[in-house]
Amino acid sequence: MNISMIAKSLLIALPMLALGACSSSSESDTTSNETNKANSAVVVAENGVETNAIDSLNLTDEEKLTNEYSDAILETTIQFGFDTSVLESRYTKILDAHAKFLVDHPTQSLTIEGNTDERGTPEYNIALGERRAMSVSTYLENMGVTSEQINVVSYGEEKPVNLGHSAAARAENRRAELTY
Amino acid sequence: MSLRLLTSLLLLLCSTQTFARLNILITEGVNSARPIAVIPFKWLGAGEKPKELARIIADDLRSSGLFFPISIEKMPKTPSKSENVDYALWHKLGVEAIVMGEIKPTEEVGKYTVTYELLDVLTGNMGMVGLSPVLEKRRSTLTVSQFRNFSHRISNVVYKKLTGERGAFLTHIAYIAVDYSSPYPYQLRISDYDGYAEKLVLRSKQPIMSPAWSPDGHKLAYVSFEMHKSQIYVQDIYTQKRELITSFPKINGAPSWSPDGKQLAFVLSKDGQAEIYTLNLHSKKLTRITHNRVIDTEPSWSPDGKSLVFTSERGGRPQIYQVNIASMQTKRITWEGDMNLGGTITPDGDSLVLVSRSNGQYKISVQDLVSGDLRTLTKTQLDESPSVAPNGSMIIYSTVYKGHKGLALVSMDGRFKANIPAQKGDVKSPAWSPFLN
């Protein structure tokens with residue numbers, strides 16, 4: 001999944017962000033469409049003068065998100081070492097960003113998918129994948145996300161992102177994925 | 001949500017679609033295999049022979065690892081009746097037994113009478129009065145579509161006569177095929193044990209795992225992620241009737257049938273970590289078997305139905321334990337190697353087949369349950385999902401072969417090995433059916 005797809009899936013799920021919100025007059029404008037909603041220039045006529053709003057917030061979806069939650073919000077993959085579900089410290093920034101987002105949007109839910117590499121048996125790996133997803137879940141809950149917002153599913157070794165059998169391929173497959 | 005439900009339900013139940021077969025590639029034979037002659041059956045009708053039974057029988061006997069069928073070119077003669085056999089010629093070649101027969105058209109179009117005999121060369125060569133070299137002689141009327149299964153029946157008879165053990169040539173394997181280029185990447189399929197007559201049972205856009213045969217060979221339990229979570233289903237392979245068995249939060253996995261077919265053991269993590277449970281399929285009573293804060297998984301019933309073996313991390317690394325269901329007394333049964341997983345007790349109750357990790361390599365191994373002696377059977381790596389033939393002679397398992405997940409066979413003594421690679425994509429999680437005859 002590329003960055004813009006991730007941002008889009010985050011945004012679709014989102015109630016409209018406060019950033020760059022349209023005025024009510026443009027909302028009710030029957031001629032407006034998606035494009036000019038985002039770039040609204042509201043003309044107000046009063047006392048013989050007109051003011052015109054300058055469209056200063058022509059931000060991409062990614063920019064709106066990252067302005068509020070840092071670039072880390074666009075990262076949705078947490079990787080793990082072999083046969084372990086311990087979270088590495090380099091992922092705290094990513095998880096903190098998602099935690100803040102979820103705390104700000106308490107009706108938003110998140111699915112954490114746990115995955116493993118191909119080594120070991122499929123049934124053991126389902127349990128290991130779940131333990132990885134649970135590590136992420138516990139971290140987010142400690143940051144204030146409610147357990148009702150989190151859904152955990154383990155796919156074990158059944159959904160590799162890299163179909164190779166090298167050490168690099170395996171490292172890529174040992175992961176938890178955050179999906180909104 | 002309704003859209004998501006719709007798309008996830010786009011799976012198909014089907015029992016008629018067939019695919020290209022899987023091919024058995026023998027990678028290691030057995031020097032001590034017993035030479036046997038399977039002579040091409042004599043066709044007594046006009047035109048071409050409808051089907052060759054001898055090749056199927058020879059392939060069966062070869063893949064048992066116990067027999068070495070000699071090639072047709074080496075046969076001194078190709079008789080079809082015991083009266084015409086010169087036993088000395090065959091004895092000189094070291095051939096122990098001869099399978100031969102005839103195919104004759106009947107008056108009814110499309111039906112044939114097949115006669116076959118199994119001869120003991122040593123007895124025939126001695127020529128003692130009153131001691132018949134004919135170990136078996138049978139006749140049957142059948143259609144061409146029945147020839148393949150009838151050949152497996154002949155193989156079963158030959159195997160039983162010559163080894164004293166029941167043959168497992170009339171059995172099926174169920175397995176998962178994964179082809180990411182297909183609109184339904186995950187497929188549950190069944191084929192004959194030798195890869196022929198492959199049929200689709202279920203296909204889905206989401207993973208399918210852990211097929212397990214009911215003891216009567218009519219049903220498969222499996223795990224499906226079609227609802228974007230794991231659930232255990234039981235499906236009748238003949239009627240396609242499908243029943244949802246468990247759909248608890250989190251893991252629903254690793255189903256295993258009790259030998260009497262009345263219970264399923266499986267894994268649930270609804271109460272925390274993965275734990276073993278049993279379910280009475282009639283009363284729906286759920287019983288929790290394991291209680292601890294680590295992973296317990298891969299339950300497998302002992303042949304007597306009194307205990308379960310399972311994988312547990314309670315000692316640190318995954319090892320195999322056995323729990324007596326009546327007393328709930330649990331003991332650890334594997335001690336060698338870094339870790340041991342996926343244990344299953346052989347039909348005779350004497351050995352434990354498992355995946356053993358040693359020096360970072362995962363191999364199929366067998367442990368003697370009395371002596372505790374562990375032997376590694378395979379030379380492949382990344383082995384998983386061993387499943388034992390109902391007669392205990394062979395193990396089918398999943399491994400990586402030429403960069404793809406494929407199936408492989410190894411005899412219980414480790415001396416015969418063969419690969420069954422996927423024609424396309426990956427195949428994995430094989431489950432050997434019970435006897436079907």
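Letters A, B, ... mirror the listed sequences (proteins, then strands); counts begin at 1. Source: prediction; values computed, not measured.
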*Asks:* Quick one: of A/Glu113, A/Glu158, A/Glu118, who has the most non-hydrogen atom pairs under 4.5 Å with chain B?
*Replies:* A/Glu158
*Asks:* Decide if atom CG of A/Asn142 counts as having more than 12 heavy atoms of other residues, nucleotides or ligands within a radius under 6.0 Å.
*Replies:* yes
*Asks:* Who are the ring-ring contact (aromatic ring centres under 6.0 Å, His included) partners of A/Tyr155, not counting sequence neighbours?
*Replies:*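 By the ring-ring contact (aromatic ring centres under 6.0 Å, His included) rule, A/Tyr155 matches B/Phe225.
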*Asks:* Among B/Ala274, B/Pro185, B/Ser269, which has the most heavy-atom pairs under 4.5 Å with chain A?
*Replies:*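 Maximum pair count with chain A is reached by B/Ser269.
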*Asks:* For chain A, which candidate among B/Thr297, B/Val400, B/Ile295 shows the most heavy-atom pairs at distances under 4.5 Å?
*Replies:*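 Of B/Thr297, B/Val400, B/Ile295, B/Ile295 has the most heavy-atom pairs under 4.5 Å with chain A.
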*Asks:* By a 4.5 Å heavy-atom criterion (distance strictly below it), what part of B/Leu382 contacts chain A: side chain, backbone, both, or neither?
*Replies:* side chain
*Asks:* Measure the spacing between NZ of B/Lys402 and NE2 of A/His165 and express it to the nearest 0.5 Å.
*Replies:* 13.5 Å
*Asks:* Under the criterion side-chain contact (heavy atoms from CB on, under 4.5 Å), I'd like the reasoning laid out for B/Met339 against A/Asp83: C-alpha separation, chi angles, the key distance, then a yes or no.
*Replies:* CA-CA 11 Å; B/Met339 50 171 87; A/Asp83 203 18; 3.6 Å; yes
*Asks:* If you count heavy atoms of other groups shown closer than 6.0 angstrom to NZ of B/Lys379, is the number above 12?
*Replies:* no
*Asks:* Between A/Thr121 and B/Glu384, what is the shortest heavy-atom contact and its length?
*Replies:*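 Here A/Thr121 and B/Glu384 meet closest at CA-OE1, 4.1 Å.
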*Asks:* Do A/Pro122 and B/Ser385 come close enough that some side-chain heavy atom pair is under 4.5 Å?
*Replies:* yes
*Asks:* Apply salt bridge (Lys or Arg N to Asp or Glu O under 4.0 Å) to residues A/Glu157 and B/Lys428 and explain how you reach the verdict.
*Replies:* CA-CA 12 Å; A/Glu157 62 176 89; B/Lys428 57 183 186 176; 5.0 Å; no
*Asks:* Give the member of B/Asp426, B/Ile251, B/Thr311 that has the highest number of heavy-atom pairs under 4.5 Å with chain A.
*Replies:* B/Ile251
*Asks:* Residue by residue, which of residues 124-134 of chain A have a heavy atom closer than 4.5 Å to a heavy atom belonging to chain B?
*Replies:*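 Interface residues of residues 124-134 of chain A: A/Tyr124, A/Ile126, A/Ala127, A/Leu128, A/Glu130, A/Arg131, A/Met134.
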*Asks:* State, yes or no, whether a side-chain contact exists between A/Lys159 and B/Tyr186 at a heavy-atom distance under 4.5 Å.
*Replies:*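 When only atoms from C-beta onward are counted, B/Tyr186 and A/Lys159 do touch, with a gap below 4.5 Å.
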*Asks:* Given the options B/Met209, B/Arg357, B/Lys229, which has more heavy-atom pairs under 4.5 Å with chain A than any of the others?
*Replies:*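 Ranked by heavy-atom pairs under 4.5 Å with chain A, first place is B/Met209.
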